[in-house]
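Only one structure is covered here, and it is reproduced in the block below.
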Amino acid sequence: MNTIEVENLTKRFGKFTAVDHINFEVKQGEIFGFLGANGAGKSTTIRMLCGLLSSSEGTARVGGFDINKDPNSVKESIGYMSQKFSLYEDLTVTENIEFFGKVYGLSDSDLNERKNWVLDIANLHGREHSITQTLSGGWKQRLALGCAVLHRPRIIFLDEPTSGVDPVMRRKFWELINDLSAEGVTVLVTTHFLEEAEYCNDIILINAGKIIAAGSPKELKQNYIKHPILEVQCSDVVDAMEKIETQPWAVETSIFGTSIHVNVEDEEKARVKIKELLSGAKINLIAIERITPSLEDVFIYLLDQQGGEK
Ligand SMILES: Nc1ncnc2c1ncn2[C@@H]1O[C@H](COP(=O)(O)OP(=O)(O)OP(=O)(O)O)[C@@H](O)[C@H]1O
Ligand SMILES: [Mg+2]
């Protein structure tokens, strides 16, 4: 059983509820995205699912084992890459791998074979004797992932594995995650990069400890973005946003970098209105384009509805 089943899982710290009766299931071999703003309850949930923290209410089965009744069996079945950096900075790459191999109780021959495997998958050949501290962020994360899967767990939990990693390295990291999933490994991953969430088979969005949306990236876009989205590029986005968001035809308006996304009921009518409005305000309009919604559009919409902040 390589699945995760979560039932009414709840964690209270004193009177504060960090995780509030959440329910979800992760199928074998699935890449499952666990998303939410800072403090939403992602790491707390992961620590419970890894058998490191008991729940206040509800429970979960990970690999068939109950997290409260049998946390040790849970720990033996999983790999965990924590949000805080988990490697020893003053050891070399090889020494870190050996250390974790011993923690997992691997035999010398298994460890030797796995060491090479980790160097392969993390593409760290040639860096075996580098002191971990001297590796750049991306290399460190790859080594941390390698160490987390050293014992070939069938279920892995990755808590923000790509924070501080450049886009090229992030892509490589996701290739590695995809390879593991193709081998049947179940992956639960948190990220603040919504373009990464597009790679997940299923996603849940958690806000203040509660699940507020769940589904595949495609389902989330279809279910929550009912109106066309226009991307408006213009000379002064802040001013333009203030003008547009008060208009009755603008369902939802948000700034995306140097442009504005406007959710509208009637595309043609909105195009005319935007042109009129900006020209009246002496704002130089560069382009209006209909765009395919991204997960960022979905989440901004959902978090706005909650009155929360992204
Ligand atoms: N041991 C603890 N005692 C008290 N409060 C805690 C404890 N651990 C976490 N919290 C609180 O629980 C809430 C959820 O924290 P958590 O670390 O799970 O969030 P997160 O979704 O992982 O956020 P981030 O994206 O910043 O990593 C936060 O308000 C946090 O301050
Ligand atoms: Mg966290």
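When a ligand or atom number is given, it counts from 1 through the structure's own listing order.
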Checklist line | Heteroatom proximity flag, A18 to ligand 1, N/O under 3.5 Å | finding: no
Note to self: Protein non-hydrogen atoms only, distance under 4.0 Å: does atom 31 (O) of ligand 1 have such a neighbour?
What the structure shows: no
Next item on the list: Could you find the nearest protein heavy atom to atom 26 (O) of ligand 1 and give me its residue, atom name and distance?
Entry: N38 ND2, 3.0 Å
Notebook entry, point to check: Counting only heavy atoms not in E289, do more than 12 fall under 6.0 Å of its CD?
Noted result: no
Notebook entry, point to check: Can you find a protein heavy atom under 4.0 Å from atom 6 (C) of ligand 1?
Noted result: yes
Note to self: So, regarding T44 and ligand 1 (criterion: nitrogen or oxygen to nitrogen or oxygen, under 3.5 Å), is there a contact or not?
What the structure shows: yes
Checklist line | Check: F16 N/O within less than 3.5 Å of ligand 1 N/O | finding: no
Check: When only distance counts, is G41 in polar contact with ligand 1, meaning an N/O pair under 3.5 Å?
Finding: yes
Notebook entry, point to check: How many protein N, O or S atoms are found at a distance of less than 2.8 Å from the Mg ion (ligand 2)?
Noted result: 2
Notebook entry, point to check: Which residue from Q83, H192, K11 reaches closest to atom 27 (O) of ligand 1 through any of its heavy atoms?
Noted result: Q83
Margin query: I'd like to know if K115 pairs up with E128 as an ion pair, taking the criterion as any Lys NZ or Arg NE/NH1/NH2 lying under 4.0 Å from an Asp or Glu carboxylate oxygen.
Written below: no
Item checked: Residues which pass side chain to side chain contact (heavy atoms under 4.5 Å, CB included) with V118, listed by chain and number, not counting sequence neighbours -> I97, L150
Notebook entry, point to check: Could you give the distance from OG (S43) to CZ (F157), rounded to the nearest 0.5 Å?
Noted result: 12.5 Å
Item checked: Euclidean distance, I67 CD1 relative to S55 OG, rounded to 0.5 Å -> 5.0 Å
Note to self: Atom CZ of residue position R171 - does it have more than 12 heavy atoms of other residues, nucleotides or ligands inside 6.0 Å?
What the structure shows: no
Item checked: Heavy-atom nearest neighbour in the protein, as seen from atom 9 (C) of ligand 1, with distance rounded to 0.1 Å -> F13 CE1, 3.6 Å
N/O donor to acceptor pairs below 3.5 angstrom from side-chain atoms of residues 251-262, sequence neighbours left out:
residue	atom	partner	partner atom	Å
S259	OG	F256	O	3.2
H261	ND1	D297	OD1	2.9
H261	NE2	E231	OE2	3.2

Note to self: Distance alone, cut at 3.5 Å: any donor-acceptor contact between the side chains of T190 and D159?
What the structure shows: yes
Item checked: Option nearest atom 14 (C) of ligand 1 (shortest heavy-atom distance, choices S163, G39, S43, G14) -> G39
Margin query: Just to verify, what does T191 make a side chain to side chain contact (heavy atoms under 4.5 Å, CB included) with, not counting sequence neighbours?
Written below: L35, T162, F193, E196
Checklist line | K42 N/O to ligand 1 N/O under 3.5 Å | finding: yes
Item checked: Name of the residue among I177, L180, I78 meeting side-chain contact (heavy atoms from CB on, under 4.5 Å) with I156 -> L180
Notebook entry, point to check: NZ of K221: more than 12 outside heavy atoms within 6.0 angstrom?
Noted result: yes
